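Working notes, beginning with the structure itself.
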Amino acid sequence: MRLLPFAAGIAALCLSAPAAAEDTKPCGAGLICASDPQTVMAALEKAGLKPRLSKDGEGDPMIESDESSYHFDVYFYGCAEHKNCDSLRFETLFEKAPENTPALADKWNSKKRFLQASVRNDQQFAVAYDLATIGGLNAANFTDVIDWWNSQLNELATFFKEEIPEKKAEPKS
């Protein structure tokens, strides 16, 4: 049968691992790229934030900022030996609480597209926004990313107020 080698070739293509997307080209002038953390820092500063560049637990670049609605971190992904990263993840973690349930995260996710929520095993509620930067983002695109991030965090604050009733003080006996 002639179809067998063809089918085997298609199966091999489908089962092969995706190529690494490491961004090895220099970041173009005026662009924001995960491959050049300083461009991300400069864009965040231009947006009025006060970012701090550090490293995550694996040694990849990481940016921290407290100047938004909440403290957040920007993680760099798709890095090769801690450089030439290809994507960013904006992330905020909230305190552990019994109200932080997968059902609460699912309720948020069912109505939101950009900012995705999850609950970690230790009951920390997390929200994240991921984006690829291969080839770079222009300033207008990155400003839009920051605007979406901030507006979604503001909507999250409203969501928490609506979905998690404030605890009433217990009467003293």
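Predicted model only: the values in this text are computed from it and were never measured.
- The CG atom of Asp122 sits 4.5 Å away from atom NZ of Lys96, with the distance rounded to the nearest 0.5 Å.
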- Kindly determine whether Arg120 and Glu91 satisfy salt bridge (charged side-chain N to carboxylate O under 4.0 Å, His left out), including the steps that lead there. CA-CA 13 Å; Arg120 297 181 174 196; Glu91 184 176 272; 3.2 Å; yes
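- Put simply, CG on Leu53 and CD1 on Ile63 are 5.5 Å apart, with the number rounded to the nearest 0.5 Å.
- One finds the SG atom of Cys79 at 7.5 Å from the CG atom of Asp56 (value rounded to the nearest 0.5 Å).
- With respect to the salt-bridge test (charged N to carboxylate O, under 4.0 angstrom), the residues Glu163 and Lys107 qualify.
- Side chains of Glu64 and Ser54 form a contact here, defined as non-hydrogen atoms less than 4.5 Å apart.
- In terms of modelled atom types and a separation under 3.5 Å, the side chain of Asn100 and the main chain of Glu95 share a donor-acceptor contact.
- Considering only heavy atoms from C-beta on, Pro61 stays 4.5 Å or farther from Lys55 through its side chain.
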- Message: side-chain contact (heavy atoms from CB on, under 4.5 Å) for Lys112 and Glu155? Distances and angles first, verdict last.
- Response: CA-CA 10 Å; Lys112 300 298 175 187; Glu155 286 184 32; 2.3 Å; yes
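- Taking CG from Leu131 and CG from Asn141, the interatomic distance works out to 10.0 Å, rounded to the nearest 0.5 Å.
- The minimum heavy-atom distance between Arg89 and Ala128, with the atom names listed, is NH2-CB, 3.1 Å.
- Phe114 and Tyr77 fall into different hydrophobic clusters, defined by Ile, Leu, Val, Met, Phe, Trp and Tyr side-chain heavy atoms under 4.5 Å apart, directly or through other members.
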- Query: Leu44 and Lys50: side-chain contact (heavy atoms from CB on, under 4.5 Å), yes or no, with the steps?
  - Reply: CA-CA 7 Å; Leu44 291 170; Lys50 295 180 182 172; over 6 Å; no
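- A donor-acceptor pair is defined here as one N or O able to donate and one able to accept, closer than 3.5 Å; no such pair exists between the side chain of Thr133 and the backbone of Gly136.
- Criterion: ILVMFWY side-chain heavy atoms under 4.5 Å apart, direct or through other members. Under it, Leu104 and Leu115 are part of a common hydrophobic cluster.
- Put simply, the side chain of Thr39 gets close to the backbone of Cys33: a donor and an acceptor are under 3.5 Å apart.
- Side-chain atoms of Asn109 come within 3.5 Å of backbone atoms of Ala105 as a donor-acceptor pair (strictly under, hydrogens ignored).
- Summarising the geometry, atom CG belonging to Leu156 is positioned 11.0 Å from atom NZ belonging to Lys161; distances are rounded to the nearest 0.5 Å.
- Shown here for Leu153 and Tyr70, the closest heavy-atom pair between the two residues is O-CE1, 3.6 Å.
- The nearest pair of heavy atoms linking Cys85 to Phe76 is SG-CB, 3.7 Å.
- Considering CG of Asp66 and CG of Leu49, their distance stands at 10.0 Å, rounded to 0.5 Å.
- Cluster membership for Tyr75 and Val40, using ILVMFWY side-chain heavy atoms within less than 4.5 angstrom, is not shared.
- Between Ala43 and Phe142, the shortest heavy-atom contact is CB-CD2, 3.4 Å.
- Between Trp108 and the options Phe125, Phe94, Phe159, a ring pair (Phe, Tyr, Trp, His ring centres under 6.0 Å) holds for only Phe159.
- Shown here for Ala34 and Leu88, the closest heavy-atom pair between the two residues is CB-CD2, 3.7 Å.
- With no hydrogens or angles considered, a side-chain donor-acceptor pair links His71 and Asp73 at under 3.5 Å.
- Nearest approach of Ala117 to Val127, heavy atoms of both residues: CB-CG1, 3.9 Å.
- Using cut-offs of 30° and 60° on the angle between ring planes, the pair Phe90 and Trp149 is tilted.
- When atom types are taken as modelled, the side chain of Asn138 and the backbone of Leu31 share no donor-acceptor pair closer than 3.5 angstrom.
- Following chains of ILVMFWY side-chain contacts shorter than 4.5 Å, one cannot reach Phe72 starting from Met62, and the two form parts of different hydrophobic clusters.
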